[in-house]
J.: 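Supplied in structure tokens, the structure appears directly below.
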Amino acid sequence: QVQLVESGGGLVQAGGSLRLSCAASGLTFSSYAMGWFRQAPGKEREFVAAISWSGGRTYYADSVKGRFTISRDNAKNTVQLQMKTLEPGDTAVYFCAADSSREFLGVSTQSRTYDYWGQGTQVTVSS
């Protein structure tokens with residue numbers, strides 16, 4: 001079956017960096033656009049970043065633009081999220097997701113287009 005497994009979360013001070021990774025199995029990885037979402041306590045899940053099938057297109061939420069970078073390695077079936085200059089407002093559980101819909105040119109911000117989700121990894125940024 002399809003599995004998406006996130007790793008790399010943790011506790012970091014404001015201004016620090018973390019690199020999240022998501023390992024995919026059970027699917028033809030290069031046929032899926034990939035995205036990262038996050039959910040803070042008491043808040044709805046929100047879009048963070050997306051990358052198209054080949055990695056040629058990326059899209060970011062305004063709140064992370066210039067600080068986060070999404071990338072993928074189709075040979076290793078992984079997608080990464082490099083996070084820099086972290087802020088307390090970035091504290092959340094981060095989820096990776098796989099999208100087969102072909103909508104939005106592979107950089108969908110809509111959770112409804114994503115078929116598979118990981119279990120999430122906690123990122124906590126202290127002030």
Side-chain angles (χ1 to χ4, degrees):
Q1 76 272 23
V2 175
Q3 281 194 313
L4 301 177
V5 180
E6 301 94 338
S7 61
L11 173 64
V12 64
Q13 288 188 332
S17 299
L18 279 175
R19 184 177 177 87
L20 304 184
S21 187
C22 172
S25 60
L27 75 172
T28 304
F29 186 70
S30 59
S31 296
Y32 286 79
M34 298 297 294
W36 287 94
F37 289 75
R38 67 187 182 186
Q39 187 166 20
K43 295 188 177 181
E44 293 189 356
R45 184 171 53 191
E46 65 174 0
F47 168 79
V48 175
I51 188 166
S52 61
W53 315 277
S54 66
R57 276 185 299 274
T58 58
Y59 192 79
Y60 298 91
D62 286 344
S63 59
V64 307
K65 201 172 296 182
R67 300 187 298 121
F68 290 11
T69 303
I70 189 171
S71 61
R72 67 187 295 160
D73 185 337
N74 285 350
K76 296 182 179 179
N77 287 7
T78 58
V79 59
Q80 292 79 33
L81 185 68
Q82 177 68 52
M83 306 185 294
K84 297 181 179 179
T85 320
L86 283 160
E87 305 167 351
D90 295 317
T91 295
V93 177
Y94 283 70
F95 301 90
C96 73
D99 172 16
S100 67
S101 72
R102 296 297 193 266
E103 292 187 57
F104 306 106
L105 301 179
V107 284
S108 171
T109 66
Q110 307 297 311
S111 59
R112 65 171 178 81
T113 69
Y114 289 83
D115 308 275
Y116 303 106
W117 294 81
Q119 82 291 347
T121 186
Q122 176 70 49
V123 171
T124 302
V125 184
S126 64
S127 57

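Quantities reported herein were computed from a predicted structural model and do not represent experimental measurements.
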J.: I'd like to know if the side chain of Ser108 reaches the main chain of Gln110, judged simply by a donor and an acceptor atom lying under 3.5 Å from each other, with no hydrogens or angles considered.
T.: yes

J.: Describe, in one word, how the ring planes of Tyr116 and Tyr32 are oriented to each other, choosing from parallel (under 30°), tilted (30 to 60°) and perpendicular (over 60°).
T.: tilted

J.: In Å and rounded to the nearest 0.5 Å, what is the CD to OG distance from Gln13 to Ser127?
T.: 9.5 Å

J.: Does Arg72 reach the main-chain N or O of Phe29 with its side chain, forming a donor-acceptor pair under 3.5 Å?
T.: yes

J.: Minimum heavy-atom separation for Ala98 to Leu27, with atom names?
T.: CB-CD1, 4.1 Å

J.: Would you find a donor on one side and an acceptor on the other, under 3.5 Å apart, between the side chain of Arg67 and the backbone of Thr85?
T.: yes

J.: Donor-acceptor check, side chain of Asn74 to backbone of Trp53, threshold 3.5 angstrom: yes or no?
T.: yes

J.: When rounded to the nearest 0.5 angstrom, what is the spacing between OG in Ser52 and CE in Met34?
T.: 12.0 Å

J.: Does any N or O in the side chain of Glu6 come within less than 3.5 Å of the main-chain N or O of Gly120, such that one atom is a donor and the other an acceptor?
T.: yes

J.: So do Phe104 and Tyr59 actually touch side chain to side chain, heavy atoms under 4.5 Å?
T.: no

J.: Would Gln80 and Arg19 count as a side-chain contact (heavy atoms from CB on, under 4.5 Å) if you check the C-alpha gap in whole Å, the side-chain angles of each, and the deciding distance to 0.1 Å?
T.: CA-CA 7 Å; Gln80 292 79 33; Arg19 184 177 177 87; 3.4 Å; yes

J.: Check Phe95 against Gly118 and note the closest heavy-atom contact, atom names and distance.
T.: CD2-O, 3.5 Å

J.: Does Leu86 reach the side chain of Leu18, with side-chain heavy atoms less than 4.5 Å apart?
T.: yes

J.: Would you compute the distance between atom CD1 of Ile51 and atom SG of Cys96 and round it to the nearest 0.5 angstrom?
T.: 12.5 Å

J.: Flag yes if more than 12 heavy atoms outside Lys65 fall under 6.0 Å of its NZ atom; otherwise flag no.
T.: yes

J.: Any side-chain heavy atom of Gln122 sitting closer than 4.5 Å to one from Thr91?
T.: yes

J.: Mind listing the closest non-hydrogen atom pair of Ala49 and Leu81 along with its distance?
T.: CB-CD1, 4.2 Å

J.: With side-chain contact (heavy atoms from CB on, under 4.5 Å) as the criterion, how do Ile70 and Val79 come out once you've worked through the C-alpha distance, each side chain's angles and the decisive distance to 0.1 Å?
T.: CA-CA 7 Å; Ile70 189 171; Val79 59; 4.0 Å; yes

J.: So Ser21 and Gln82, side-chain contact (heavy atoms from CB on, under 4.5 Å) or not? Walk me through it.
T.: CA-CA 9 Å; Ser21 187; Gln82 177 68 52; over 6 Å; no

J.: Between Thr69 and Met83, does a side-chain contact (heavy atoms from CB on, under 4.5 Å) hold up when you go through it step by step?
T.: CA-CA 7 Å; Thr69 303; Met83 306 185 294; over 6 Å; no

J.: List the atom of Ala24, the atom of Leu4, and the distance in Å for their closest heavy-atom pair.
T.: CB-CD2, 3.5 Å

J.: So, Tyr60 versus Phe47, ring centres under 6.0 angstrom or not?
T.: no

J.: Closest approach of Ala50 and Tyr114, non-hydrogen atoms and distance?
T.: CB-OH, 3.7 Å

J.: Give me the atom names and distance for the closest heavy-atom approach of Thr113 to Ser101.
T.: CB-OG, 3.6 Å

J.: If only side-chain N and O atoms count, and only distance matters, is there a donor-acceptor pair under 3.5 Å linking Ser100 with Asp115?
T.: yes

J.: Can you tell me how the ring of Phe68 sits relative to the ring of Tyr94, calling it parallel under 30°, perpendicular over 60° and tilted otherwise?
T.: tilted

J.: Please check this pair: side chain of Arg57 against backbone of Leu105, looking for a donor-acceptor N/O pair closer than 3.5 Å.
T.: yes

J.: I want to check something: taking the side chain as every heavy atom from C-beta on, are Val93 and Gln119 in contact at a cut-off of under 4.5 Å?
T.: no

J.: Salt bridge or not between Arg112 and Glu103? Use side-chain N to carboxylate O under 4.0 Å.
T.: yes

J.: Determine, using the 4.5 Å side-chain heavy-atom cutoff (strictly less than), whether Val2 and Trp36 are members of one ILVMFWY cluster.
T.: yes

J.: I need the Asn77 CG to Ser25 OG distance, nearest 0.5 Å.
T.: 8.0 Å

J.: Tell me whether Thr124 contacts the main-chain N or O of Leu11 through its side chain, where contact means a donor paired with an acceptor under 3.5 Å.
T.: no

